[in-house]
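Here the structure comes first, spelled out in structure tokens, and everything after it is commentary.
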Number of protein chains: 2
Amino acid sequence: MAEYKAPLRDIHFVLNELLDAERHYQGLVGAEDATPDMLAAIIDEGAKFAERVLSPLNQSGDREGCRFEDGEVSTPEGFSEAYRQFVAGGWPSLAHEPAWGGQGLPESVGMVISELTGSANWAWSMYPGLSHGAMNTLEAHGTDEQKQVYLTKLVSGEWTGTMCLTEPHCGTDLGLLRTRAEPAGDGSYLISGTKIFISAGEHDMADNIVHIVLARLPDAPAGTKGISLFVVPKFLPDAAGGCGERNSLGCGSIEHKMGIHGNATCVMNFDGARGFLIGPANKGLNCMFTFMNTARLGTALQGLAHAEWGFQNSLAYARERLQMRALTGAKNPQDAADPIIVHPAVRNMLLTQKAFAEGGRALIHYCAQLADQVKQGADPEQRQEADALLAFLTPIAKAFLTEVGFESANQGLQVFGGHGYISEWGMEQNLRDCRISMLYEGTTQIQALDLLGRKVLMTRGESLKRFTRIVHAFCESAEEEGAIRAFVRPLQRLNREWGDLTTNLGMKAMQDREEVGAAAQDYLMYSGYVVLAYFWARMARVAEEKLAQGSDDADFYRAKLQCARFYFERLLPRTLTLSETMLSGADNLMDLDADHFAF
Amino acid sequence: MAEYKAPLRDIHFVLNELLDAERHYQGLVGAEDATPDMLAAIIDEGAKFAERVLSPLNQSGDREGCRFEDGEVSTPEGFSEAYRQFVAGGWPSLAHEPAWGGQGLPESVGMVISELTGSANWAWSMYPGLSHGAMNTLEAHGTDEQKQVYLTKLVSGEWTGTMCLTEPHCGTDLGLLRTRAEPAGDGSYLISGTKIFISAGEHDMADNIVHIVLARLPDAPAGTKGISLFVVPKFLPDAAGGCGERNSLGCGSIEHKMGIHGNATCVMNFDGARGFLIGPANKGLNCMFTFMNTARLGTALQGLAHAEWGFQNSLAYARERLQMRALTGAKNPQDAADPIIVHPAVRNMLLTQKAFAEGGRALIHYCAQLADQVKQGADPEQRQEADALLAFLTPIAKAFLTEVGFESANQGLQVFGGHGYISEWGMEQNLRDCRISMLYEGTTQIQALDLLGRKVLMTRGESLKRFTRIVHAFCESAEEEGAIRAFVRPLQRLNREWGDLTTNLGMKAMQDREEVGAAAQDYLMYSGYVVLAYFWARMARVAEEKLAQGSDDADFYRAKLQCARFYFERLLPRTLTLSETMLSGADNLMDLDADHFAF
């Protein structure tokens with residue numbers, strides 16, 4: 001009943017009309033293949049795969065879930081076959097280096113495909129998603145031999161990968177981790193310990209699984225400075241590069257959880273499993289950080305995915321479901337009631353989803369272009385600038401887009417009334433699946449501390465200024481123009497207020513470090529609303545220009561302007577509350593004794 | 001692992017210290033039995049039942065769910081036995097008339113027990129909850145014979161009841177309903193049609209199920225003015241009052257849904273089933289409205305229930321889980337990390353839940369006292385006044401408390417990080433179970449239209465003024481006092497602003513009816529924040545008085561003041577946004593053509 005249609009018109013708008021992909025790729029080194037025609041062809045094929053292969057497995061995958069028996073995990077019916085087609089289509093190799101079998105396209109092309117597959121079926125898309133994380137780690141820090149042995153198999157899709165970080169007693173606080181790595185004397189290590197929450201840790205979709213594992217060497221210093229990174233395959237490679245001896249590791253169980261039932265969340269037991277050091281000893285966390293931005297961007301995408309999915313399906317329902325009359329009189333007199341899309345409250349829910357999905361799309365693909373520049377920028381200064389800007393935007397994209405993605409999925413369910421609670425419509429699955437996104441890859445609260453503490457205050461506001469200068473330049477250039485002045489003025493005001501609030505918080509933090517934690521989440525959400533306002537204003541400007549040129553797609557552009565107006569008038573005023581609460585002081589949180597929260 | 005402990009200290013605070021239950025019951029007619037000792041004994045027994053019998057079945061009931069086979073529904077293991085104990089304890093008869101076997105205690109006593117059972121296990125508590133709805137309908141509109149036959153069995157708990165309103169094509173819009181009632185010639189009717197979403201429609205916990213069904217007589221006018229109410233039992237009573245012939249109705253299936261898995265949500269097929277008219281023909285909806293307030297209050301309670309449950313369990317986790325150090329240095333140096341309750345972001349989530357749970361408790365039990373006054377008030381004027389005030393507060397309590405209850409359950413899950421997503425901790429169940437509360441008994445959007453359209457604007461603001469006068473009187477009386485002046489001033493300001501906003505909206509609505517729908521939800525949420533601010537200010541005043549008197553429970557009262565401060569400084573500023581968006585005009589919702597929401 002529920003389905004996903006790739007929003008190709010809007011993706012085209014964001015990539016080409018807003019972000020000028022052609023010029024972007026021309027500015028990169030080694031992105032010659034990313035021509036507009038090539039890009040269009042890839043997106044068309046990706047859309048077909050998402051709509052025809054993955055979307056039909058979304059609800060059945062949730063119902064069936066993964067099964068665990070004797071250390072083996074069976075994925076839901078059709079998942080394995082879909083993965084086979086994904087590999088046959090060459091999708092895993094899209095954005096990886098030709099030296100290891102990749103197609104050498106920029107990261108941002110992969111992000112478009114991830115949007116399509118992730119929106120159609122998030123649980124399924126996590127299997128290649130985790131592989132992507134493992135590939136990036138090996139690409140950045142592996143030896144050529146490790147790349148030859150493992151990376152080529154991951155790039156081809158024959159094998160998949162995982163990231164093994166969390167342990168039962170430590171999630172956020174990786175400094176506490178206990179998994180041990182003993183030198184085996186032959187240059188390899190024997191890994192022992194238990195890892196939990198390992199997505200795609202075990203499954204039946206590929207021949208081998210390559211685990212990237214954080215562990216401690218025997219002489220390692222305590223805390224985060226004593227963590228090293230290892231590659232630990234399920235089957236040790238044989239001389240021919242195929243699957244050899246079974247390694248001493250296994251899946252102990254899979255979790256029963258709220259959603260993403262089609263994806264196996266595994267407890268992984270390493271029992272003296274043979275592993276190989278990646279990068280320098282005791283620098284494992286640093287190695288992780290280099291690709292953390294991309295991984296977090298991948299999770300930010302989940303917010304967009306569930307907002308888009310919820311929007312599409314609740315819009316279809318709102319156009320069909322007949323219930324009550326419009327307050328201003330019948331709009332559909334030939335039937336017994338009007339479609340519920342006539343009601344302002346229903347429109348409010350639909351527009352909320354639309355504004356977050358389309359605004360989020362602009363932010364995500366903008367960030368993906370920055371990631372391209374970090375890797376393939378023409379000069380070091382451009383690369384460094386893009387890196388700093390991406391580091392600033394990443395916690396915002398991750399936390400803000402998943403929070404508003406959850407709100408959107410929740411509104412989508414609400415459009416259905418009581419039917420939204422019933423499984424067959426898929427809306428409650430969309431909400432359950434979405435819920436994990438605010439937790440993994442660093443909770444919203446951790447992203448908020450990263451943004452305000454590490455990114456903004458530790459750079460004395462420099463990282464914020466890098467972005468507000470961009471916003472300011474846009475406002476200056478647009479100030480004299482027509483209808484979008486209504487957007488530029490509030491944006492300019494908020495852009496200034498953002499800086500003032502930051503200065504204010506910086507001064508408070510010097511008096512009391514707790515002020516950072518007390519303000520961080522409101523600060524992050526405030527930042528998210530302003531960032532999205534910038535993209536909505538930019539989109540409105542493009543739309544206005546197209547309309548002035550007499551576009552024959554005028555309805556599309558007018559809808560963009562209308563949605564921008566909705567965003568500025570109905571969502572952006574949330575900054576009023578956030579600017580007040582973030583300055584309300586840490587005392588109202590810290591004064592209450594931990595023993596006196598309840599009696 | 002997860003558990004519920006009755007928050008007896010806080011319930012005592014609300015009932016006795018805030019709402020002066022003793023004086024309240026003395027002012028009612030026929031509430032002589034509701035003495036403080038009696039009340040305390042009932043609450044103690046109810047707490048034991050909730051903690052020992054219902055709480056252990058909460059998670060197992062979710063895991064197991066209801067099973068449907070050949071028209072029969074099996075409830076989860078232990079549910080039936082718990083119901084047997086509930087009946088043996090005399091709980092169903094608590095707040096019903098002695099003439100039909102009840103104990104004659106006021107409605108508000110029943111509300112306290114509902115809080116305890118509902119917080120411990122919402123899915124289970126819905127079985128007696130639906131019976132309560134059926135009993136109230138029969139009590140208000142049944143003939144003496146109907147009361148003798150059906151009500152006595154419901155009051156004793158031998159039989160249970162349901163409310164059969166919704167049909168596949170009509171939920172909110174009951175005017176569309178199609179179920180038919182044909183006169184059988186002997187004074188009874190033959191009922192035919194399909195009802196959906198019938199909670200407790202079929203189960204294995206009682207001998208008979210009494211359905212209260214909305215249907216149309218053959219000559220009935222179209223729309224809501226042609227709906228009549230019928231009592232339709234699963235088994236027709238025999239001459240001795242027991243279960244006789246099986247009626248022509250049955251459960252066709254049960255829904256697969258997001259949560260409340262322990263409660264059977266049934267499709268009920270009536271196939272010429274014998275039924276008996278309740279109240280006048282074609283006045284079925286009016287009959288329903290008379291007890292709608294109580295039913296909606298029962299759902300408002302669900303918001304409080306899940307906020308309280310989430311608060312208790314996330315507080316326990318936050319005190320035990322060791323992760324990271326406080327930003328101001330180690331608070332727990334003997335271990336490798338501090339308990340996460342040291343972090344301001346975690347405290348923010350805990351205090352949000354606490355503020356909504358405890359504020360919600362005050363509002364709910366205040367409303368329950370109004371319901372007592374409606375029924376048992378000493379004079380007609382008092383009854384009428386209480387009725388009008390309750391009518392105003394009910395949509396606020398229902399929609400606001402379920403919305404913030406969902407937010408609270410969501411925050412409770414978030415405190416657990418990734419573990420919150422795992423079923424064993426119960427936090428994700430709490431969120432899934434909670435989600436239905438914003439949908440049934442009228443969605444949030446319908447409550448909002450009821451509040452702004454019917455209650456406030458149709459009375460030209462009179463119903464609002466009835467409440468703001470109370471708030472104003474409180475502020476006047478408290479103005480000169482100590483620390484709570486910090487609460488009284490913002491409350492006074494908002495109380496005035498509330499009136500101004502209403503006037504403003506009323507004028508806009510005269511120009512364009514859509515303005516009502518466009519503003520209603522923000523108006524309702526705004527109203528909720530002000531109402532809760534009033535109760536938090538009142539609670540703060542009680543706490544301050546107790547502290548001034550030198551109470552030996554000073555920690556409890558200081559925590560109340562602290563939580564009041566948190567509410568005023570961190571949650572109440574949401575009114576800043578709401579007062580802006582509700583006035584932003586209907587155009588930003590209505591201008592977009594329904595065909596242009598997506599391309």
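A, B, ... follow the sequence lines: proteins, then strands. Residue 1 opens every chain. Worth saying up front: this structure is predicted, and the values here are computed from it rather than measured.
Contact tally against chain B (heavy-atom pairs below 4.5 Å) for A318(A), S423(A), A520(A), A519(A): the top residue is S423(A). The greatest number of non-hydrogen atom pairs below 4.5 Å with chain B, out of G420(A), G175(A), A586(A), G259(A), is found for G259(A). Most heavy-atom pairs under 4.5 Å with chain B: of the set H169(A), E424(A), Q414(A), Q562(A), this distinction falls to Q414(A). Contact count against chain A (heavy-atom pairs under 4.5 Å) is highest for E514(B) among E514(B), Q521(B), Q312(B), E255(B). Ranked by heavy-atom pairs shorter than 4.5 Å toward chain A, the options T328(B), D555(B), I446(B) are led by D555(B). Taking H343(A), R63(A), R9(A), R319(A) one by one and counting their heavy-atom pairs under 4.5 Å with chain B, the maximum is reached by R319(A). Each of F568(B), F566(B), F416(B) has some count of heavy-atom pairs under 4.5 Å with chain A, and the biggest count is that of F566(B). With chain A as partner, the option from T166(B), D522(B), L561(B), I260(B) having the largest number of non-hydrogen pairs under 4.5 angstrom is I260(B). Between chain A and the options C170(B), C563(B), A345(B), the largest number of non-hydrogen pairs under 4.5 Å is found for C170(B). For the set D595(A), L176(A), L589(A), L576(A), the entry with the most heavy-atom pairs within less than 4.5 Å of chain B is L589(A). Interface check for chain B: of the options P7(A), A326(A), P168(A), the most heavy-atom pairs under 4.5 Å are formed by P168(A). The greatest number of non-hydrogen atom pairs below 4.5 Å with chain A, out of H256(B), M324(B), R435(B), is found for R435(B).
Contact of L327(B) with chain A is made through backbone and side chain together, with heavy-atom distances under 4.5 Å. If you measure heavy-atom distances from T265(B) to chain A, you find no contacts under 4.5 Å at all. Proximity to chain A is absent for every atom of Y440(B), based on heavy atoms less than 4.5 angstrom apart. Proximity to chain B (any heavy atom under 4.5 Å) is shown, for I422(A), by both the backbone and the side chain. Proximity to chain A is limited to the backbone of V342(B), based on heavy atoms less than 4.5 angstrom apart. Contact of D10(B) with chain A is not made at all, since no heavy-atom distance falls under 4.5 Å. Contact annotation for I436(B): both backbone and side-chain heavy atoms come within less than 4.5 Å of a heavy atom of chain A. In this structure, the portions of A594(A) lying under 4.5 Å from any heavy atom of chain B include both its backbone and its side chain.
In this view, E580(A) satisfies the side chain to side chain donor-acceptor pair (under 3.5 Å) rule with no residue, not counting sequence neighbours.
Using a 4.0 Å cut-off between charged nitrogen and carboxylate oxygen, R558(A) and D593(B) do not count as a salt-bridge pair.
Atom NZ of K5(A) has 12 or fewer neighbouring heavy atoms from other residues, nucleotides or ligands inside a 6.0 Å radius.
Closest approach of R570(B) and N588(A) over heavy atoms only: NE-OD1, 2.9 Å. Between L439(B) and Y421(A), the closest heavy-atom pair is CD1-CB, 3.9 Å. Pairing each heavy atom of F597(A) with each of F311(B), the nearest pair is O-CZ, 3.4 Å.
Side-chain atoms of R347(A) come within 3.5 Å of backbone atoms of L592(B) as a donor-acceptor pair (strictly under, hydrogens ignored). Here the side chain of K354(B) pairs no donor or acceptor atom with the backbone of A598(A) at under 3.5 angstrom. Between the side chain of D173(B) and the main chain of Q323(A), no donor-acceptor pair closer than 3.5 Å is present.
Here the CE-OG1 distance, from M349(A) to T443(B), works out to 7.0 Å after rounding to the nearest 0.5 Å. Between the CE atom in M258(A) and the CG atom in L431(B) there is a gap of 4.0 Å [rounded to 0.5 Å]. Distance check, rounded to the nearest 0.5 Å: CZ of R432(B) to CZ of R432(A) gives 7.5 Å.
In this structure the side chain of T577(B) never reaches within 4.5 angstrom of the side chain of L578(A), judged on heavy atoms. You'll find the side chain of R565(B) reaches within 4.5 Å of the side chain of D591(A), heavy atoms only.
Classification of the F599(A)-F556(B) ring pair by plane angle, with boundaries at 30° and 60°, yields perpendicular.
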Exercise. Could you give me the CA-CA distance, side-chain angles and deciding distance for N410(B) and M438(A), then say whether side-chain contact (heavy atoms from CB on, under 4.5 Å) is met?
Key: CA-CA 11 Å; N410(B) 195 38; M438(A) 296 116 91; 4.0 Å; yes
